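Step one of this worksheet: look at the structure below.
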Amino acid sequence: MKIIMNHKEIEIKLQIDEDNYYRLLALMESTAAFQSKKHQVDIYYSPENESYYDNGDRCLRIRSENNKSILSYKRINGEGTSQQYIEEYETCIESQDMMNNILKALNYRSEIIVDKNRKEYCTADGFLVALDVVENLGFFVEIENRNREDVVEKQNKDLVHFVGCLGLDMAWRNSEGYSNMLYRKNCRKGE
């Protein structure tokens, strides 16, 4: 098994409307380097006797993308502060079905499935811009600061500045993961 990553992510996610999605897509296509186009299906898990969605600060998932599967664990640290970052651990898995069976044997259950299409661009100043269309949720932009030599507080400040340069409003910031949003949406349907 190959370890893919184990680092901090410094990012901002904004929920945007369709017009801003296509405006940003045109801007990225004309000013940034295209990185990839992906269709990702994520299955999120929680322990049998609790839900990771009660607190919303962590997740365990299997992501299927381009004929490969990745097991990930993420946890938000310093949420809502200038020190906020996401602790992330990922590894490739050979068999999604076998990993699903292992998680079931450990009393984990699948709770949410997120289906999204993503286009990624890298800007000259070190930002990764991901434009997402998420089934049953809508349009989003995630911007990650890839300037690793800066301290977390400066990386977050630079992100906020870059959001403004893109003509976006920080009031549109969404600190929830897609899985948390779908979980809440599904809970409201069940009421």
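The structure presented is a predicted model; accordingly, all values stated were derived computationally and were not measured.
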Exercise. Ignoring hydrogens and geometry, is there a side-chain-to-backbone donor-acceptor pair from Asn186 to Leu182 under 3.5 Å?
Worked result: yes
Exercise. Any idea which heavy atoms bring Met98 and Ser95 closest together, and the distance?
Worked result: N-OG, 3.0 Å
For this session: Before accepting this row, confirm whether a basic side-chain N of the pair Glu120/Arg118 lies closer than 4.0 Å to the acidic partner's carboxylate O.
Result: yes
Problem set entry | Minimal non-hydrogen separation, Glu11 against Arg173, with atom names | O-NH2, 3.8 Å
Problem set entry | Least distance between heavy atoms, Arg109 atom then Glu50 atom | NH1-O, 3.0 Å
For this session: Indicate, with yes or no, if Ile43 and Met99 share a hydrophobic cluster defined by side-chain heavy-atom contacts under 4.5 Å among Ile, Leu, Val, Met, Phe, Trp and Tyr.
Result: yes
Problem set entry | Centroid-centroid distance, Tyr21 to Phe139, less than 6.0 Å | yes
Exercise. Ignoring hydrogens and geometry, is there a side-chain-to-backbone donor-acceptor pair from Asp115 to Glu135 under 3.5 Å?
Worked result: no
Exercise. What's the spacing between Leu128 CG and Ser36 OG if we round to 0.5 Å?
Worked result: 7.5 Å
Problem set entry | Distance, nearest 0.5 Å, that separates CZ of Arg61 from CD of Glu90 | 5.5 Å
Exercise. Can you tell me if Asp169 uses its side chain to pair, donor with acceptor, with the backbone of Ala171 under 3.5 Å?
Worked result: yes
Problem set entry | Test side chain to side chain contact (heavy atoms under 4.5 Å, CB included) applied to Leu14 and Leu166, Asn174, Val163, the passing residue | Val163
Exercise. Is there a donor-acceptor pair closer than 3.5 Å between any side-chain N or O of Lys185 and the backbone N or O of Asn136?
Worked result: yes
Exercise. Do Tyr44 and Tyr183 make the cut of ring centroids closer than 6.0 angstrom?
Worked result: no
Problem set entry | Value rounded to 0.5 Å, distance of OG in Ser64 from CD in Gln40 | 10.0 Å
Exercise. Are Asn20 and Asp17 close enough that a side-chain donor and a side-chain acceptor fall under 3.5 Å?
Worked result: yes
Seminar exercise, completed: Heavy-atom nearest pair, Leu27 first then Thr31, reads O-OG1, 2.7 Å
Problem set entry | Contact check, side chains of Phe127 and Leu159, non-hydrogen atoms, under 4.5 Å | yes
For this session: Supply the atom-to-atom distance Tyr121 OH to Lys37 NZ, rounded to the nearest 0.5 angstrom.
Result: 9.0 Å
Exercise. Are Ile16 and Val133 linked, directly or through other ILVMFWY residues, by side chains that come within less than 4.5 angstrom of each other?
Worked result: yes
For this session: Give the intermediate values and the outcome of side-chain contact (heavy atoms from CB on, under 4.5 Å) for residues Ile62 and Leu103.
Result: CA-CA 10 Å; Ile62 295 176; Leu103 290 171; 4.1 Å; yes
Exercise. Can you find a heavy atom in the side chain of Arg23 that is under 4.5 Å from one in the side chain of Leu168?
Worked result: yes
Exercise. Do the side-chain N and O atoms of Asp125 and Thr123 include a donor-acceptor pair separated by under 3.5 angstrom?
Worked result: yes
Exercise. How long is the gap from CD1 on Ile112 to CE on Met181, to the nearest 0.5 Å?
Worked result: 12.0 Å
Seminar exercise, completed: CD (Glu142) and CD1 (Ile12) are apart, to the nearest 0.5 Å, by 11.0 Å
Exercise. Side chains of Asp42 and Tyr178: do they bring a donor and an acceptor to under 3.5 Å?
Worked result: no
Exercise. Given the rule in the side-chain contact (heavy atoms from CB on, under 4.5 Å) test, do Val129 and Phe162 qualify, once you have shown the distances and angles that lead to the verdict?
Worked result: CA-CA 11 Å; Val129 177; Phe162 185 67; 3.9 Å; yes
